[in-house]
Amino acid sequence: MRSGPLLPRFTRHSKIAAMPTYNPSETEPKWQSLWDDANVFTADDHSPKPKFYALEMFPYPSGRIHMGHVRNYAMGDVVARYKRARGFEVLHPMGWDAFGMPAENAAIATGGHPKNWTYANIEQMKGPMKRLGFALDWSREFATCDVEYYTEQQRIFLKFWDKGLVYSKTAKVNWDPVDNTVLANEQVIDGKGWRSGAVVEQRDMQQWFYKITEYAEELLKGLDTLDRWPEKVRTMQANWIGKSEGLQMRFEAASDSDADIETFTTRPDTLFGASFIALSSDHPLTKQLAETRPALDAFRAECAKIGTSEEAIALAPKLGIDTGLRVKHPFTGETLPVWVANFVLMGYGTGAVFGCPAHDQRDLDFARKYDLSVTPVVLPDGEDAATYTVENDAYTGEGTLFHSASETIVLNGLSKDEGISAAISKIEEMGLGKGTTQYRLRDWGVSRQRYWGCPIPVIHCDDCGAVPVPEEQLPVELPYDHIDLTIPGNPLDRHPTFKHIDCPKCGNAATRETDTLDTFGDSSWYFARFAGPKGSPFDKAAASAWLPVDQYVGGVEHAVLHLLYSRFFTRGLRDCGLLDLPNGEPFAGLFTQGMVTHATYNIGKDASGKMEWVVPADVTDKDGKLIHMPTGKAVTQGDVIKMSKSKKNTVDPNDIIETYGADVARWFVLSDSPPERDVEWSEDGVRGAWNFQKKVWRIVEATDASEHAPTVLATDAKGDALALRRSAHKALEKLTVGIEAFRFNTSVAQIYELTNALLKYNGQDAARMEALGILIRAIAPFMPHLAEECWEQLGGVGLIATAQWPDVDPAMLIEDEVVMPIQINGKRRAEISVAKDMPKDEIEALAMAEPNIAKTLEGLTIRKVIVVPGRIVNIVAQ
RNA sequence: GCGGGCGUGGCGAAAUGGUAGACGCGACAGACUUAAAAUCUGUUUUCCGCAAGGAAGUGCCGGUUCGAUCCCGGCCGCCCGCACCA
């Protein structure tokens with residue numbers, strides 16, 4: 001006899017007593033409270049089981065959950081529930097990435113307080129999140145704007161300071177001269193402030209930096225160990241770090257009135273092709289020259305307008321101005337002109353390059369425009385040195401050096417790599433430079449001139465300079481009173497009590513730093529805090545035991561910044577002795593999920609010429625025409641894009657939960673599309689999920705649960721029962737692989753197949769119950785509430801949330817008979833059914849005997865017969 | 001511009017060297033129903049054919065292979081990233 005389930009179970013003896021159809025609005029809250037009562041999802045720090053840390057990128061508390069959240073957390077939840085069923089102690093926490101600009105924007109718009117707005121939003125979002133039934137350990141919840149959290153973040157800042165990972169320098173910001181405030185790049189639209197419309201200036205400000213470049217090499221090398229990260233993300237990070245090996249070298253002044261210029265190049269082999277030197281418009285020498293030359297100063301202003309993004313600079317037409325300065329070529333002694341060019345970045349290398357037009361496209365475009373010489377020095381294989389020229393396409397590939405000889409050095413005949421080594425050696429020998437490694441990665445500027453963030457724990461003293469706040473004086477708490485964001489500028493800067501304080505070192509009057517930390521700092525260590533909140537800034541032992549996160553799930557938009565900063569933080573924390581994580585990697589497995597998209601709908605442009613978008617819920621199909629119900633206007637369907645408020649193509653998860661339930665919402669976002677790809681929301685798709693839910697319940701309803709438990713093994717099944725059993729175990733095998741490989745859509749397909757097999761099966765025997773038991777447990781990570789209800793109905797013991805994953809019976813995967821296609825010249829002409837272990841020659845004989853094969857082979861000569869046992873027969877004939 | 005990815009039925013897709021289109025949506029036909037919904041059965045890549053069967057087919061061109069959606073080269077198209085949104 002099996003023991004009873006948690007809830008009184010009502011047994012059905014016949015189909016006469018009408019069973020109510022499955023009602024998620026009743027069952028879902030019921031199971032959620034049972035899970036809560038049993039503390040099923042609370043992770044045990046001291047469990048003897050193997051650990052599994054499942055984490056989704058925590059949400060910004062905007063106040064509303066959206067379908068993207070549902071998809072993100074549903075994916076993590078599948079993994080978390082599956083791993084629990086597989087015997088792991090699972091940590092699956094949730095919290096809030098709660099600092100940031102939207103709270104300030106809301107405060108600006110409504111006059112409210114960012115703190116009130118944020119905490120109210122958290123409360124508002126928690127309800128729907130809980131209603132979705134995720135297997136989350138809510139006991140570890142926190143918001144990054146909690147004083148307890150940012151106190152510890154300030155402590156980390158101080159530890160980093162002690163470790164030499166924090167420093168300050170001046171850096172450029174977008175300055176809005178009307179609002180007197182610093183703007184984020186996204187707040188700058190066409191070079192103007194988003195609110196004031198004033199032309200934005202680039203202004204230098206003293207700012208704090210984290211020395212991420214200290215770890216450039218380790219962060220790059222570490223990427224090779226992240227074999228459970230998408231290749232794409234690793235490539236993006238590697239590009240971001242941008243390691244390049246080359247030569248830093250000085251071009252010496254041609255005369256006393258000229259100047260030496262320090263350059264960096266990755267192609268010293270092309271030195272003989274150099275025809276000019278190009279300086280960045282921000283190069284110190286450029287600035288100096290611009291002071292006395294209005295034309296150059298104007299050109300600098302032109303360059304600043306292009307913007308700072310690499311894309312903008314790369315796409316802008318190449319422009320320059322000759323400084324009149326001349327330098328000496330180190331090998332030939334010839335003079336080279338020094339130009340200022342708009343395509344040279346100050347932030348990379350030395351802010352100066354030598355231009356070799358034949359072998360660099362930018363240099364070539366520039367040279368053609370200003371009629372500078374183009375001398376090819378790398379000869380592609382197969383080209384004739386006497387006739388080879390470069391017209392409009394620079395040659396950047398391999399080849400043999402030519403036109404590269406002087407009294408100083410001869411590079412002719414060398415390969416590209418040999419030329420690079422030889423040129424570096426020579427320049428080093430001449431004392432003009434050194435082979436070096438450059439990184440594109442820059443230090444992380446963390447200062448934000450904003451209120452709603454973690455205060456930077458630093459005090460500025462006229463005598464002592466920048467002094468870190470002594471640890472015992474933490475936290476530097478964000479003041480709540482006297483905060484008015486509707487006035488331009490940073491409220492902390494004008495706060496009556498926050499800013500002015502005595503220097504902790506000398507006791508004289510001093511001022512607090514009024515900048516707050518970049519919110520990326522908040523999210524760079526929250527996963528450690530989840531693992532153990534006790535301790536400072538987190539429980540070292542617990543965090544070290546839980547980390548790394550075994551499966552992290554989130555949007556690809558975080559591919560570089562958040563994920564790179566976190567990788568830096570865990571290394572910094574390790575080196576400050578706060579964390580035992582030898583390889584420093586916070587996330588062992590990463591999955592980047594696609595977006596939830598939806599068609600957009602509009603009813604044309606309004607009087608001001610602005611497109612009027614309408615919500616999908618208001619659009620109806622009337623005789624094949626789309627109509628906007630509130631206005632009766634004709635609707636035009638636009639692109640299918642990511643759900644966004646501005647295009648109004650959103651579907652509110654609350655509405656879906658209310659209408660169909662949490663399980664259906666979860667099932668839909670996991671079913672059709674591969675997880676890494678976008679999924680298009682559709683009403684039909686949701687109804688499909690709804691119908692599937694009902695179908696499962698109908699099968700359960702039609703099952704006599706009085707004889708067998710759902711954990712039964714029908715080992716003596718024969719005939720149809722055996723066939724069902726085979727289907728069940730095959731489906732189980734495939735769907736398990738699907739979950740492990742993050743291909744939930746294929747798991748769903750297997751679940752459908754098994755469901756269809758069960759639907760067709762009439763027997764009320766152990767095989768039916770076994771297959772159904774497998775189905776229900778397989779559904780559980782996807783539709784946990786439905787699974788619990790079915791499990792209970794079938795007489796399953798305990799909660800399915802704590803049930804073990806069913807075992808695949810390997811014997812059920814092996815077929816005695818296999819169907820083999822027979823091809824002639826790669827085209828399928830017949831198929832035969834043979835015993836699995838039939839010898840090759842017998843298979844061949846059978847294949848030849850097939851009527852259609854014999855017929856097709858008539859008049860042909862057989863050249864070769866390929867027999868791949870269990871797979872295929874291919875006859876090559878002419 | 002540089003870097004990366006993707007391209008398969010009406011649609012979402014599956015198959016990563018072995019029968020292309022599993023599974024789902026939609027559509028069509030039928031059953032049940034006064035009717036609709038729900039449910040069930042069947043058809044559904046295109047073309048020829050009553051059928052058996054045949055031909056073409058995974059963006060385009062070529063290559064490797066007995067065999068290519070899959071591997072390689074070139075092209076076309078679309079998408080993403082390129083440093084203060086989170």
Side-chain angles (χ1 to χ4, degrees), chain A residues 21 57-60 62 97 99-102 105 171-174 182-188 207 230-236 238-240 242 308-316 318 343 347 361-362 365 440-450 518-520 522-523 555-562 564 671-674 676-680 682-692 694-695 698 734 743 745-753 755-756 759 819-831 852 855 863-866 868 870-877:
Chain A
T21 51
M57 292 178 184
F58 66 162
Y60 180 81
S62 63
D97 188 14
F99 275 137
M101 288 204 315
N105 294 343
K172 279 204 167 59
V173 293
N174 300 310
V182 171
L183 300 178
N185 280 346
E186 71 155 14
Q187 293 173 319
V188 180
Q207 304 196 59
E231 189 66 43
K232 176 184 178 175
V233 174
R234 287 189 285 165
T235 306
M236 283 170 78
N239 289 344
W240 192 266
T308 54
S309 84
E310 255 187 54
E311 181 194 10
I313 289 168
L315 287 171
K318 307 290 172 284
F343 61 89
Q361 193 59 48
R362 293 163 302 185
D365 295 344
R440 203 176 72 103
L441 182 69
R442 303 206 294 259
D443 279 331
W444 174 13
V446 293
S447 294
R448 296 292 181 271
Q449 297 71 26
R450 306 221 169 81
D518 179 6
T519 56
F520 272 120
D522 308 343
S523 53
V556 73
E557 64 272 23
H558 294 292
V560 177
L561 297 186
H562 162 57
L564 190 65
S671 49
D672 283 345
S673 288
E676 70 278 10
R677 242 181 263 182
D678 292 350
V679 62
E680 187 183 347
S682 79
E683 205 57 35
D684 286 331
V686 180
R687 271 203 298 276
W690 170 253
N691 289 339
F692 173 68
K694 286 196 294 186
K695 195 188 272 189
R698 267 200 313 276
K734 288 187 186 167
R743 298 200 322 252
N745 55 321
T746 62
S747 298
V748 164
Q750 291 304 319
I751 289 173
Y752 282 137
E753 294 224 33
T755 305
N756 290 341
L759 214 51
V819 174
M820 289 178 64
I822 303 159
Q823 298 179 332
I824 294 173
N825 296 331
K827 282 196 189 298
R828 191 183 67 94
R829 295 295 170 180
E831 56 184 38
N852 205 39
K855 198 181 94 188
R863 300 267 179 234
K864 198 173 176 185
V865 179
I866 294 115
V868 185
R871 304 226 80 140
I872 204 161
V873 179
N874 192 12
I875 300 163
V876 186

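All values below come from the heavy atoms of this structure, side chains included, with hydrogens, waters and symmetry mates left out. A, B, ... follow the sequence lines: proteins, then strands. Residue 1 opens every chain.
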Undergrad: In terms of side-chain heavy atoms of A:Thr746, which of B:rA13, B:rA14, B:rC82 is nearest?
TA: B:rA14

Undergrad: Do other residues, nucleotides or ligands put more than 12 heavy atoms under 6.0 Å from the NZ atom of A:Lys318?
TA: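 Yes, because the 6.0 Å sphere around NZ of A:Lys318 holds more than 12 heavy atoms from other groups.
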
Undergrad: Heavy atoms from C-beta onward define the side chain here; which of B:rU19, B:rA86, B:rC23 lies closest to that of A:His558?
TA: B:rA86

Undergrad: Please check: side-chain N/O of A:Arg440 versus main-chain N/O of A:Asn239, any donor-acceptor pairing under 3.5 Å?
TA: yes

Undergrad: Can you see if the side chain of A:Asn756 gets near the phosphate of B:rC23 - specifically, an N or O under 4.0 Å from OP1 or OP2?
TA: no

Undergrad: To the nearest Å, give me how far apart CZ (A:Arg687) and P (B:rG24) are.
TA: 17 Å

Undergrad: Give me the distance, rounded to whole Å, that separates B:rU43 from B:rC25 when you measure between the P atoms they each carry.
TA: 16 Å

Undergrad: Examine B:rA13: is either OP1 or OP2 under 4.0 Å from a nitrogen or oxygen in the side chain of A:Arg677? Give yes or no.
TA: yes

Undergrad: So which heavy atom on A:Gln207 is nearest to which on A:Ala171, and how close?
TA: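 That closest heavy-atom pairing would be NE2-O, 3.2 Å.
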
Undergrad: If you check every side-chain atom of A:Arg828, which of B:rA83, B:rG4, B:rU19 has the closest atom?
TA: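 So the nucleotide nearest the side chain must be B:rU19.
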
Undergrad: Pick the C1' atom in B:rG21 and in B:rC85, then give their distance to the nearest Å.
TA: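 Per the computed distance, 41 Å lies between those C1' atoms.
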
Undergrad: Specify the separation, in whole Å, of atom CG of A:Asn852 and atom P of B:rG53.
TA: 7 Å

Undergrad: Of the candidate nucleotides B:rC66, B:rA14, B:rG12, which contains the atom at the shortest distance from the side chain of A:Asn745?
TA: B:rA14

Undergrad: Could you tell me how far B:rG77 sits from B:rC28 if I compare only their P atoms? Round to whole Å.
TA: 37 Å

Undergrad: Would you mind telling me which of B:rC23, B:rU39, B:rA55 lies closest to the side-chain atoms of A:Arg829?
TA: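 In terms of side-chain proximity for A:Arg829, the closest of B:rC23, B:rU39, B:rA55 is B:rA55.
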
Undergrad: Is B:rG49 paired to anything, Watson-Crick or G-U wobble with both distances less than 3.5 Å, and if yes, which nucleotide?
TA: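 Looking at the geometry, B:rG49 pairs with no nucleotide.
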
Undergrad: Would you kindly give the NZ-to-C1' distance between A:Lys827 and B:rU19, to the nearest whole Å?
TA: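 Result: 13 Å.
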
Undergrad: Applying a 3.5 Å limit to both distances, which nucleotide forms a Watson-Crick or G-U wobble pair with B:rG67?
TA: none

Undergrad: Which pair of heavy atoms, one from A:Phe692 and one from A:Thr755, lies closest together, and at what distance?
TA: CE1-OG1, 3.4 Å

Undergrad: With a 4.0 Å cut-off on N to O distance, would you call A:Asp365 and A:Arg362 a salt bridge?
TA: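 Between A:Arg362 and A:Asp365 there is no salt bridge, as every charged N stays at least 4.0 Å from the carboxylate O atoms.
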
Undergrad: Across all strands, who's sitting opposite B:rU34 as a Watson-Crick or G-U wobble pair, both distances under 3.5 Å?
TA: none

Undergrad: If you check the A:Ser673 side chain, which of B:rA13, B:rA86, B:rC40 turns out closest?
TA: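 The answer is B:rA13.
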
Undergrad: Scan A:Val865, A:Val868, A:Ile866 and name whichever one has a side chain to side chain contact (heavy atoms under 4.5 Å, CB included) with A:Val873.
TA: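 Looking at A:Val865, A:Val868, A:Ile866, the match for A:Val873 under the side chain to side chain contact (heavy atoms under 4.5 Å, CB included) is A:Val865.
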
Undergrad: Rounded to whole angstrom units, what separation is found between the NE2 atom of A:His562 and the P atom of B:rA86?
TA: 13 Å

Undergrad: Take the protein atom CD1 of A:Ile866 and the nucleotide atom P of B:rG18, then report the distance between them rounded to whole Å.
TA: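 Spelled out: CD1 on A:Ile866 to P on B:rG18 is 15 Å.
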
Undergrad: Taking atom P of B:rU16 as reference, at what distance in whole Å does atom NZ of A:Lys734 sit?
TA: 10 Å

Undergrad: For the side chain of A:Asp518, starting at C-beta, report the closest nucleotide among B:rA86, B:rC66, B:rC40.
TA: B:rA86

Undergrad: Please work out if A:Glu557 contacts a base, only the sugar-phosphate, or nothing of the nucleic acid, heavy-atom cut-off 4.0 Å.
TA: base

Undergrad: Hey, which of these two, A:Trp240 or A:Val873, hits RNA chain B nearer its 5' end, going by closest nucleotide?
TA: A:Val873

Undergrad: Answer yes or no: side-chain N or O of A:Asp684 and base N or O of B:rC25 forming a donor-acceptor pair under 3.5 Å.
TA: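 Counting by modelled atom types and ignoring angles, no donor-acceptor contact under 3.5 Å is found here.
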
Undergrad: Taking only the C1' atom of each, what is the distance from B:rU45 to B:rC40 in whole angstrom?
TA: 27 Å

Undergrad: Do the ring planes of A:Phe520 and A:His558 sit parallel (below 30°), tilted (30 to 60°) or perpendicular (above 60°)?
TA: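 Rings of A:Phe520 and A:His558: perpendicular, over 60°.
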
Undergrad: Taking the C1' atom in each of B:rG53 and B:rC60, what is the distance between them to the nearest angstrom?
TA: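 B:rG53 and B:rC60 have their C1' atoms separated by 31 Å.
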
Undergrad: Rounded to the nearest Å, what distance is computed from the CD atom of residue A:Gln361 to the P atom of nucleotide B:rG3?
TA: 12 Å

Undergrad: Just checking A:Val560: base, sugar-phosphate only, or nothing, at a heavy-atom cut-off of under 4.0 Å?
TA: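 The answer is nothing, as A:Val560 stays clear of every strand by at least 4.0 Å.
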
Undergrad: Under 3.5 Å for both donor-acceptor distances, Watson-Crick or wobble: does B:rG12 have a partner, and if so which one?
TA: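 With both distances under 3.5 Å, B:rG12 matches B:rC23.
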
Undergrad: Tell me what A:Asp365 touches on the nucleic acid: a base, only sugar-phosphate, or nothing, going by heavy atoms under 4.0 Å.
TA: nothing

Undergrad: So if I take every side-chain heavy atom of A:Ala749 and compare against B:rC23, B:rU19, B:rA83, which nucleotide ends up nearest?
TA: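 The listed nucleotide nearest to A:Ala749's side chain is B:rC23.
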
Undergrad: Across the strands shown, which category fits A:Pro102 at heavy-atom distances under 4.0 angstrom: base, sugar-phosphate, nothing?
TA: nothing

Undergrad: So what does A:Asp97 touch, heavy atoms closer than 4.0 Å: a base, only the sugar-phosphate, or nothing?
TA: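 The residue A:Asp97 makes sugar-phosphate contact but no base contact.
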
Undergrad: I'd like to know if the side chain of A:Ser682 and the backbone of A:Gly685 have a donor-acceptor N/O pair within less than 3.5 Å.
TA: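 It does hold such a pair.
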
Undergrad: Could you tell me how far B:rA20 sits from B:rG73 if I compare only their P atoms? Round to whole Å.
TA: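 Those two atoms are separated by 26 Å.
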
Undergrad: To the side chain of A:Gln449, which of B:rG18, B:rC23, B:rC84 is closest?
TA: B:rC84

Undergrad: Within 90° of 0 counts as syn, otherwise anti: where does B:rG42 fall?
TA: anti

Undergrad: Of the non-hydrogen atoms in A:Gly100 and A:Tyr60, which two are nearest, and what is the gap between them?
TA: O-OH, 4.1 Å

Undergrad: Are more than 12 heavy atoms, taken from residues, nucleotides or ligands other than A:Arg871, located less than 6.0 Å from that residue's CZ atom?
TA: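 Counting neighbours around CZ of A:Arg871, 12 or fewer heavy atoms of other residues, nucleotides or ligands fall under 6.0 Å, so no.
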
Undergrad: Which part of the nucleic acid does A:Thr519 contact within heavy-atom distance under 4.0 Å: base, sugar-phosphate only, or nothing?
TA: sugar-phosphate

Undergrad: Taking only N and O in the side chain of A:Arg743, is any of them less than 4.0 Å away from OP1 or OP2 of B:rA15?
TA: yes

Undergrad: Counting any heavy atom closer than 4.0 Å, what does A:Arg234 reach on the DNA or RNA strands: base, sugar-phosphate only, or nothing?
TA: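 No contact.
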
Undergrad: Pick base, sugar-phosphate or nothing for A:Gln207, based on heavy-atom distances below 4.0 Å to the nucleic acid.
TA: base

Undergrad: Write down the distance separating the C1' atoms in B:rC47 and B:rG57, rounded off to the nearest Å.
TA: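 After rounding to an integer number of Å, I get 11 Å for this pair.
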
Undergrad: Pick base, sugar-phosphate or nothing for A:Glu753, based on heavy-atom distances below 4.0 Å to the nucleic acid.
TA: sugar-phosphate

Undergrad: Between P on B:rG4 and CD on A:Glu231, what's the gap in Å once rounded to a whole number?
TA: 10 Å

Undergrad: Could you check whether A:Leu441 gets within reach of a base, just the sugar-phosphate, or nothing at all, counting any heavy atom under 4.0 Å?
TA: base

Undergrad: Just checking A:Val868: base, sugar-phosphate only, or nothing, at a heavy-atom cut-off of under 4.0 Å?
TA: base

Undergrad: From the set B:rG24, B:rA14, B:rA38, return the single nucleotide nearest to any side-chain atom of A:Pro674.
TA: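 Comparing B:rG24, B:rA14, B:rA38 against the side chain of A:Pro674, the answer is B:rA14.
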
Undergrad: Determine the contact category for A:Arg698: base if any of its heavy atoms lies under 4.0 Å from a base atom, sugar-phosphate if only primed atoms, P, OP1 or OP2 are that close, otherwise nothing.
TA: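 Counting heavy atoms under 4.0 Å across all strands, the contact made by A:Arg698 is with sugar-phosphate only.
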
Undergrad: What's the gap between B:rA56 and B:rA37 when it is taken at their C1' atoms, as a whole Å value?
TA: 42 Å

Undergrad: Closest-nucleotide mapping onto RNA chain B: is A:Lys232 or A:Gly826 further toward the 5' terminus? I mean the 5' end.
TA: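 Closest to the 5' end, via its nearest nucleotide, is A:Lys232.
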
Undergrad: Hey, does A:Phe692 reach any base, or is it just sugar-phosphate, or nothing, if we go heavy atoms under 4.0 Å?
TA: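 Nothing, no heavy atom under 4.0 Å.
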
Undergrad: Applying the Watson-Crick and G-U wobble criteria at under 3.5 Å, what pairs with B:rC78? Answer none if nothing qualifies.
TA: B:rG5

